[in-house]
J.: 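The following block contains the structure, expressed as C-alpha coordinates.
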Amino acid sequence: MSTPRIFVVTGANKGIGLATVKALCEAVGSESIVYLTARSVERGTKAVEDLAKSGLKPRFHPLDVDDASSIETFATFLKKEYGGLDVLVNNAAIGYKEDAPEPYGVQAEHTVRVNYFGLQAVCNALFPLLRPHARVVNVSSSVGHLSWVNGEELRRQLADPALTVEQLDNIMRDFVKAAAAEKKQHVQLGWRDVQYAPYVASKVGVSALTRIQQRMLDQDPREDIVVNHCHPGYVKTDSTGNKGVFTAERGAVCPTYLALLPPNVASPRGEYVWHDKVVLDWVNADLPHPGY
Ligand SMILES: NC(=O)c1ccc[n+]([C@@H]2O[C@H](COP(=O)([O-])OP(=O)(O)OC[C@H]3O[C@@H](n4cnc5c(N)ncnc54)[C@H](OP(=O)(O)O)[C@@H]3O)[C@@H](O)[C@H]2O)c1
(Lines give C-alpha, C1' and ligand atoms only; values in the text may rest on other atoms or scores of the structure.)
Protein backbone atom coordinates (compact mmCIF):
# COMPACT_ATOMS: atom_id res chain seq x y z
CA MET A 1 0.00 0.00 0.00
CA SER A 2 1.39 3.45 -0.92
CA THR A 3 1.79 6.22 1.69
CA PRO A 4 -1.31 8.42 1.79
CA ARG A 5 -0.86 12.04 0.72
CA ILE A 6 -1.43 14.31 3.70
CA PHE A 7 -3.19 17.68 3.32
CA VAL A 8 -3.48 20.31 6.07
CA VAL A 9 -5.61 23.46 6.11
CA THR A 10 -5.32 25.93 9.00
CA GLY A 11 -8.26 27.95 10.35
CA ALA A 12 -10.62 25.59 8.56
CA ASN A 13 -13.71 25.46 10.77
CA LYS A 14 -15.43 28.12 8.65
CA GLY A 15 -15.12 30.50 5.71
CA ILE A 16 -12.55 30.00 2.96
CA GLY A 17 -10.61 27.42 5.00
CA LEU A 18 -13.66 25.19 5.40
CA ALA A 19 -14.52 25.54 1.71
CA THR A 20 -10.93 24.64 0.81
CA VAL A 21 -11.12 21.47 2.91
CA LYS A 22 -14.36 20.60 1.15
CA ALA A 23 -12.89 21.18 -2.31
CA LEU A 24 -9.77 19.19 -1.48
CA CYS A 25 -11.81 16.24 -0.13
CA GLU A 26 -13.85 16.27 -3.34
CA ALA A 27 -10.73 16.46 -5.52
CA VAL A 28 -8.31 14.01 -3.96
CA GLY A 29 -10.16 10.76 -3.33
CA SER A 30 -10.03 8.35 -0.44
CA GLU A 31 -6.35 7.42 -0.67
CA SER A 32 -5.44 10.92 0.62
CA ILE A 33 -6.07 12.34 4.09
CA VAL A 34 -7.24 15.93 4.52
CA TYR A 35 -6.80 17.54 7.95
CA LEU A 36 -9.28 20.22 8.89
CA THR A 37 -7.51 22.06 11.68
CA ALA A 38 -8.94 24.74 13.96
CA ARG A 39 -8.05 26.41 17.22
CA SER A 40 -11.34 25.33 18.79
CA VAL A 41 -11.93 21.59 19.20
CA GLU A 42 -15.65 22.21 19.40
CA ARG A 43 -15.88 24.32 16.22
CA GLY A 44 -13.48 22.06 14.33
CA THR A 45 -15.25 18.84 15.29
CA LYS A 46 -18.61 20.33 14.38
CA ALA A 47 -17.26 21.33 10.93
CA VAL A 48 -15.99 17.78 10.34
CA GLU A 49 -19.36 16.35 11.41
CA ASP A 50 -21.18 18.71 9.04
CA LEU A 51 -18.96 17.68 6.11
CA ALA A 52 -19.55 14.02 6.97
CA LYS A 53 -23.26 14.60 6.26
CA SER A 54 -22.28 15.24 2.61
CA GLY A 55 -20.17 12.09 2.54
CA LEU A 56 -16.83 13.91 2.95
CA LYS A 57 -14.32 12.54 5.41
CA PRO A 58 -11.72 15.07 6.52
CA ARG A 59 -10.05 14.41 9.86
CA PHE A 60 -9.77 16.93 12.65
CA HIS A 61 -6.74 18.01 14.62
CA PRO A 62 -6.50 21.05 16.88
CA LEU A 63 -4.08 23.73 15.71
CA ASP A 64 -3.84 27.23 17.14
CA VAL A 65 -1.34 29.11 14.99
CA ASP A 66 -0.88 31.56 17.87
CA ASP A 67 0.24 28.86 20.31
CA ALA A 68 3.74 27.39 20.03
CA SER A 69 2.88 24.23 21.96
CA SER A 70 -0.20 23.55 19.81
CA ILE A 71 1.95 23.86 16.68
CA GLU A 72 4.62 21.56 18.13
CA THR A 73 2.03 18.96 19.17
CA PHE A 74 0.59 18.91 15.66
CA ALA A 75 4.02 18.64 14.00
CA THR A 76 4.96 15.75 16.31
CA PHE A 77 1.66 14.03 15.53
CA LEU A 78 2.14 14.31 11.75
CA LYS A 79 5.71 13.06 11.95
CA LYS A 80 4.79 10.07 14.11
CA GLU A 81 1.64 9.09 12.18
CA TYR A 82 2.72 9.74 8.60
CA GLY A 83 6.39 10.70 8.57
CA GLY A 84 5.66 13.71 6.38
CA LEU A 85 3.29 16.18 4.79
CA ASP A 86 2.34 16.91 1.17
CA VAL A 87 0.15 20.03 1.19
CA LEU A 88 -0.13 22.90 3.66
CA VAL A 89 -2.69 25.68 3.21
CA ASN A 90 -1.92 28.53 5.62
CA ASN A 91 -5.37 30.09 5.75
CA ALA A 92 -5.92 31.08 9.42
CA ALA A 93 -5.96 34.81 10.06
CA ILE A 94 -7.68 37.56 12.01
CA GLY A 95 -8.66 41.15 11.29
CA TYR A 96 -10.14 43.81 13.53
CA LYS A 97 -13.36 45.57 12.53
CA GLU A 98 -13.25 49.35 11.89
CA ASP A 99 -15.05 50.07 15.18
CA ALA A 100 -13.06 47.64 17.36
CA PRO A 101 -12.64 49.09 20.87
CA GLU A 102 -9.13 47.70 21.46
CA PRO A 103 -6.29 50.27 21.45
CA TYR A 104 -4.60 50.51 18.05
CA GLY A 105 -1.29 49.18 19.37
CA VAL A 106 -3.04 46.08 20.71
CA GLN A 107 -4.73 45.49 17.36
CA ALA A 108 -1.42 45.90 15.52
CA GLU A 109 0.52 43.54 17.80
CA HIS A 110 -2.21 40.87 17.78
CA THR A 111 -2.84 40.98 14.03
CA VAL A 112 0.83 40.78 13.06
CA ARG A 113 1.46 38.13 15.71
CA VAL A 114 -1.28 35.78 14.42
CA ASN A 115 -1.24 36.47 10.69
CA TYR A 116 2.50 36.85 10.11
CA PHE A 117 4.45 35.34 13.02
CA GLY A 118 1.85 32.57 13.56
CA LEU A 119 1.96 31.54 9.91
CA GLN A 120 5.75 31.61 10.02
CA ALA A 121 5.79 29.45 13.18
CA VAL A 122 3.57 26.86 11.47
CA CYS A 123 5.94 26.84 8.48
CA ASN A 124 9.00 26.50 10.69
CA ALA A 125 7.48 23.46 12.39
CA LEU A 126 5.98 21.79 9.31
CA PHE A 127 8.44 22.61 6.49
CA PRO A 128 10.92 19.96 7.72
CA LEU A 129 8.13 17.41 7.15
CA LEU A 130 7.35 18.45 3.57
CA ARG A 131 7.93 15.64 1.10
CA PRO A 132 9.24 16.08 -2.47
CA HIS A 133 6.62 17.80 -4.70
CA ALA A 134 4.90 19.29 -1.64
CA ARG A 135 2.74 22.37 -2.18
CA VAL A 136 2.28 25.24 0.27
CA VAL A 137 -0.34 27.98 -0.10
CA ASN A 138 -0.03 31.14 1.96
CA VAL A 139 -3.40 32.89 1.85
CA SER A 140 -2.52 36.58 1.57
CA SER A 141 -4.92 39.26 0.32
CA SER A 142 -5.29 41.99 -2.28
CA VAL A 143 -3.88 44.28 0.41
CA GLY A 144 -0.86 41.96 0.70
CA HIS A 145 0.31 43.22 -2.70
CA LEU A 146 3.36 45.50 -2.56
CA SER A 147 1.38 48.33 -4.16
CA TRP A 148 -0.33 48.71 -0.78
CA VAL A 149 2.93 50.04 0.64
CA ASN A 150 3.40 53.78 0.07
CA GLY A 151 6.96 54.46 1.15
CA GLU A 152 9.59 54.08 -1.53
CA GLU A 153 12.34 52.92 0.85
CA LEU A 154 10.04 50.39 2.53
CA ARG A 155 8.97 49.09 -0.87
CA ARG A 156 12.61 48.76 -1.90
CA GLN A 157 13.43 46.76 1.23
CA LEU A 158 10.43 44.45 0.85
CA ALA A 159 11.06 43.87 -2.87
CA ASP A 160 14.78 43.18 -2.41
CA PRO A 161 15.41 39.65 -3.74
CA ALA A 162 18.06 39.28 -1.01
CA LEU A 163 15.63 40.15 1.83
CA THR A 164 16.07 37.75 4.77
CA VAL A 165 13.49 36.44 7.23
CA GLU A 166 15.31 38.26 10.03
CA GLN A 167 15.10 41.57 8.16
CA LEU A 168 11.42 40.99 7.37
CA ASP A 169 10.69 40.11 11.02
CA ASN A 170 12.28 43.43 12.00
CA ILE A 171 10.16 45.32 9.47
CA MET A 172 7.06 43.72 11.05
CA ARG A 173 8.25 44.53 14.60
CA ASP A 174 9.01 48.12 13.58
CA PHE A 175 5.49 48.42 12.17
CA VAL A 176 3.95 47.20 15.44
CA LYS A 177 6.08 49.55 17.52
CA ALA A 178 5.25 52.53 15.31
CA ALA A 179 1.52 51.72 15.17
CA ALA A 180 1.42 51.59 18.97
CA ALA A 181 3.09 54.98 19.29
CA GLU A 182 1.11 58.16 19.57
CA LYS A 183 -0.02 59.63 16.24
CA LYS A 184 0.35 56.26 14.52
CA GLN A 185 3.92 56.66 13.40
CA HIS A 186 3.75 53.69 11.04
CA VAL A 187 2.61 56.09 8.32
CA GLN A 188 6.02 57.79 8.52
CA LEU A 189 7.63 54.38 7.98
CA GLY A 190 5.83 54.10 4.65
CA TRP A 191 2.69 52.20 5.62
CA ARG A 192 -0.71 53.43 4.49
CA ASP A 193 -2.87 55.62 6.69
CA VAL A 194 -5.86 53.29 6.88
CA GLN A 195 -7.60 51.91 9.95
CA TYR A 196 -6.81 48.35 8.88
CA ALA A 197 -3.07 49.04 8.43
CA PRO A 198 -2.23 46.15 10.84
CA TYR A 199 -4.02 43.71 8.52
CA VAL A 200 -2.26 45.25 5.50
CA ALA A 201 1.16 44.98 7.16
CA SER A 202 0.52 41.38 8.23
CA LYS A 203 -0.47 40.33 4.70
CA VAL A 204 2.36 42.24 3.00
CA GLY A 205 4.56 40.34 5.46
CA VAL A 206 3.01 37.00 4.47
CA SER A 207 3.59 37.77 0.81
CA ALA A 208 7.19 38.94 1.28
CA LEU A 209 7.83 35.84 3.40
CA THR A 210 6.51 33.56 0.65
CA ARG A 211 9.09 34.89 -1.79
CA ILE A 212 11.90 34.22 0.69
CA GLN A 213 10.53 30.74 1.44
CA GLN A 214 10.52 29.76 -2.24
CA ARG A 215 14.10 30.99 -2.60
CA MET A 216 15.10 28.78 0.34
CA LEU A 217 13.13 25.78 -0.91
CA ASP A 218 14.79 26.12 -4.32
CA GLN A 219 18.10 25.36 -2.53
CA ASP A 220 16.57 22.46 -0.60
CA PRO A 221 17.69 18.92 -1.46
CA ARG A 222 14.05 17.81 -1.50
CA GLU A 223 12.75 17.99 -5.05
CA ASP A 224 10.19 20.47 -6.35
CA ILE A 225 8.65 22.02 -3.25
CA VAL A 226 6.52 25.01 -4.22
CA VAL A 227 5.05 27.80 -2.09
CA ASN A 228 2.76 30.47 -3.49
CA HIS A 229 0.72 33.34 -2.03
CA CYS A 230 -2.73 34.31 -3.21
CA HIS A 231 -5.61 36.73 -2.99
CA PRO A 232 -8.74 34.55 -2.67
CA GLY A 233 -11.15 37.30 -3.73
CA TYR A 234 -13.54 39.46 -1.76
CA VAL A 235 -15.52 36.70 -0.09
CA LYS A 236 -18.69 36.63 1.99
CA THR A 237 -17.40 35.35 5.32
CA ASP A 238 -17.43 36.45 8.94
CA SER A 239 -14.20 38.38 8.35
CA THR A 240 -15.91 40.67 5.83
CA GLY A 241 -19.18 40.87 7.78
CA ASN A 242 -20.58 38.80 4.88
CA LYS A 243 -20.14 41.77 2.57
CA GLY A 244 -17.97 40.07 -0.05
CA VAL A 245 -18.93 39.43 -3.67
CA PHE A 246 -17.92 35.74 -3.80
CA THR A 247 -19.16 32.67 -1.96
CA ALA A 248 -16.69 30.82 0.28
CA GLU A 249 -16.63 28.05 -2.37
CA ARG A 250 -15.50 30.57 -5.01
CA GLY A 251 -12.97 31.93 -2.54
CA ALA A 252 -11.52 28.43 -2.18
CA VAL A 253 -10.89 28.09 -5.93
CA CYS A 254 -7.44 29.69 -5.99
CA PRO A 255 -6.09 28.13 -2.76
CA THR A 256 -7.32 24.71 -3.96
CA TYR A 257 -5.74 25.20 -7.40
CA LEU A 258 -2.40 26.10 -5.80
CA ALA A 259 -2.63 23.17 -3.37
CA LEU A 260 -3.05 20.75 -6.27
CA LEU A 261 -0.40 22.10 -8.68
CA PRO A 262 1.03 19.14 -10.60
CA PRO A 263 4.57 17.83 -10.08
CA ASN A 264 7.39 19.92 -11.57
CA VAL A 265 5.11 22.80 -12.51
CA ALA A 266 7.11 25.66 -14.05
CA SER A 267 4.84 28.42 -12.74
CA PRO A 268 3.54 29.59 -10.34
CA ARG A 269 6.47 29.11 -7.97
CA GLY A 270 6.89 31.66 -5.17
CA GLU A 271 4.38 33.87 -6.95
CA TYR A 272 1.42 36.05 -6.12
CA VAL A 273 -1.76 34.60 -7.63
CA TRP A 274 -5.06 36.44 -8.04
CA HIS A 275 -8.37 34.71 -7.26
CA ASP A 276 -8.88 33.87 -10.95
CA LYS A 277 -5.54 31.94 -10.98
CA VAL A 278 -3.73 34.69 -12.90
CA VAL A 279 -0.16 35.30 -11.71
CA LEU A 280 0.56 38.95 -10.91
CA ASP A 281 3.98 40.49 -10.45
CA TRP A 282 4.06 41.22 -6.70
CA VAL A 283 6.46 44.12 -7.13
CA ASN A 284 5.45 45.85 -10.34
CA ALA A 285 1.94 44.85 -11.43
CA ASP A 286 -1.04 47.14 -11.09
CA LEU A 287 -3.86 45.31 -9.34
CA PRO A 288 -6.88 44.43 -11.49
CA HIS A 289 -9.97 46.65 -11.22
CA PRO A 290 -11.99 46.30 -9.11
CA GLY A 291 -9.16 45.55 -6.70
CA TYR A 292 -10.89 42.59 -5.10
N1 LIG B 1 -12.96 37.00 3.03
C2 LIG B 1 -12.26 37.77 2.22
O3 LIG B 1 -12.79 38.61 1.46
C4 LIG B 1 -10.75 37.67 2.20
C5 LIG B 1 -10.05 38.50 1.33
C6 LIG B 1 -8.67 38.40 1.28
C7 LIG B 1 -8.01 37.50 2.10
N8 LIG B 1 -8.72 36.71 2.96
C9 LIG B 1 -7.98 35.75 3.78
O10 LIG B 1 -8.56 34.47 3.64
C11 LIG B 1 -8.33 33.70 4.82
C12 LIG B 1 -9.65 33.15 5.33
O13 LIG B 1 -10.48 34.24 5.66
P14 LIG B 1 -12.05 34.12 5.84
O15 LIG B 1 -12.65 35.26 5.14
O16 LIG B 1 -12.50 32.75 5.55
O17 LIG B 1 -12.15 34.44 7.42
P18 LIG B 1 -13.02 33.81 8.59
O19 LIG B 1 -14.31 33.28 8.10
O20 LIG B 1 -12.99 34.84 9.67
O21 LIG B 1 -12.13 32.55 9.03
C22 LIG B 1 -10.88 32.73 9.62
C23 LIG B 1 -10.46 31.41 10.19
O24 LIG B 1 -9.18 31.57 10.85
C25 LIG B 1 -9.28 30.99 12.12
N26 LIG B 1 -8.32 31.50 13.09
C27 LIG B 1 -8.20 32.73 13.61
N28 LIG B 1 -7.20 32.76 14.50
C29 LIG B 1 -6.68 31.51 14.54
C30 LIG B 1 -5.63 30.90 15.26
N31 LIG B 1 -4.91 31.58 16.18
N32 LIG B 1 -5.35 29.60 15.04
C33 LIG B 1 -6.07 28.89 14.15
N34 LIG B 1 -7.09 29.40 13.45
C35 LIG B 1 -7.39 30.71 13.64
C36 LIG B 1 -10.72 31.24 12.57
O37 LIG B 1 -11.06 30.41 13.64
P38 LIG B 1 -12.22 30.84 14.72
O39 LIG B 1 -13.53 30.48 14.13
O40 LIG B 1 -11.83 30.01 15.91
O41 LIG B 1 -12.07 32.32 14.96
C42 LIG B 1 -11.43 30.88 11.27
O43 LIG B 1 -11.54 29.49 11.16
C44 LIG B 1 -7.64 34.64 5.79
O45 LIG B 1 -6.25 34.45 5.69
C46 LIG B 1 -8.02 36.01 5.27
O47 LIG B 1 -7.10 37.02 5.66
C48 LIG B 1 -10.08 36.77 3.02
Side-chain angles (χ1 to χ4, degrees), residues 8-23 35-48 50 58 60-71 73-74 88-97 100 107 109-123 125-126 136-145 148 196 198-207 209-210 228-256 258-259 272-276 287-288 290-292:
V8 168
V9 183
T10 70
N13 54 290
K14 65 179 183 181
I16 297 166
L18 175 62
T20 303
V21 164
K22 196 168 161 232
Y35 272 94
L36 182 159
T37 70
R39 61 177 163 175
S40 153
V41 172
E42 196 187 337
R43 292 192 288 277
T45 311
K46 165 94 170 54
V48 166
D50 287 348
F60 173 70
H61 200 286
L63 179 60
D64 183 341
V65 307
D66 191 28
D67 178 345
S69 73
S70 169
I71 296 171
T73 302
F74 185 50
L88 170 63
V89 181
N90 285 307
N91 165 79
I94 60 163
Y96 281 82
K97 305 272 183 253
Q107 295 185 27
E109 192 277 332
H110 189 201
T111 307
V112 170
R113 194 180 77 223
V114 174
N115 296 4
Y116 172 77
F117 286 106
L119 178 145
Q120 188 189 127
V122 170
C123 292
L126 298 190
V136 179
V137 185
N138 290 337
V139 180
S140 182
S141 166
S142 55
V143 305
H145 190 265
W148 272 79
Y196 50 97
Y199 182 76
V200 174
S202 73
K203 291 298 186 176
V204 167
V206 164
S207 281
L209 179 67
T210 311
N228 288 297
H229 45 138
C230 70
H231 168 53
Y234 184 37
V235 182
K236 288 185 183 100
T237 63
D238 287 351
S239 78
T240 57
N242 280 304
K243 283 200 198 105
V245 295
F246 291 150
T247 62
E249 285 67 29
R250 175 61 179 79
V253 164
C254 189
T256 305
L258 295 174
Y272 180 76
V273 186
W274 202 243
H275 60 74
D276 56 3
L287 289 185
Y292 48 75

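One-based numbering, in listed order, for ligands and for the atoms of each. By convention here, the first residue in the shown sequence is residue 1. Computed over heavy atoms, backbone and side chain alike; hydrogens, waters and symmetry mates excluded.
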J.: Would a 4.5 Å heavy-atom cut-off, applied to side chains only, mark Arg250 and His275 as touching?
T.: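 Result yes, sub-4.5 Å side-chain heavy-atom pair found.
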J.: Backbone N or O of Val9 within a donor-acceptor pair of the Thr37 side chain at under 3.5 Å?
T.: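 Yes, because the side chain of Thr37 sits within donor-acceptor range (under 3.5 Å) of the backbone of Val9.
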J.: Contact residues of ligand 1 with a heavy-atom cut-off of under 4.0 Å?
T.: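 Ligand 1 pocket, heavy atoms under 4.0 Å: Gly11, Asn13, Lys14, Gly15, Ile16, Arg39, Arg43, Leu63, Asp64, Val65, Asp66, Asn91, Ala92, Ala93, Ile94, Val139, Ser140, Ser141, Tyr199, Lys203, His231, Pro232, Gly233, Tyr234, Val235, Thr237, Asp238, Ser239, Thr240.
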J.: Has Asn228 got a side-chain atom pairing as donor or acceptor with Val137's backbone, closer than 3.5 angstrom?
T.: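 Looks like no, no N/O pair under 3.5 Å.
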J.: If we ignore hydrogens and angles and just use 3.5 Å, is the side chain of Thr240 paired with the main-chain N or O of Thr237 as donor and acceptor?
T.: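 Present.
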J.: State whether a side-chain donor-acceptor pair under 3.5 Å links Asp64 with Ser70.
T.: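 Asp64 vs Ser70: no donor-acceptor pair found between side chains.
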J.: Can you confirm whether Lys46 is buried at NZ, in the sense that more than 12 heavy atoms of other residues, nucleotides or ligands lie under 6.0 Å from that atom?
T.: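 Counting other residues, nucleotides and ligands, NZ of Lys46 stays at 12 neighbours or fewer.
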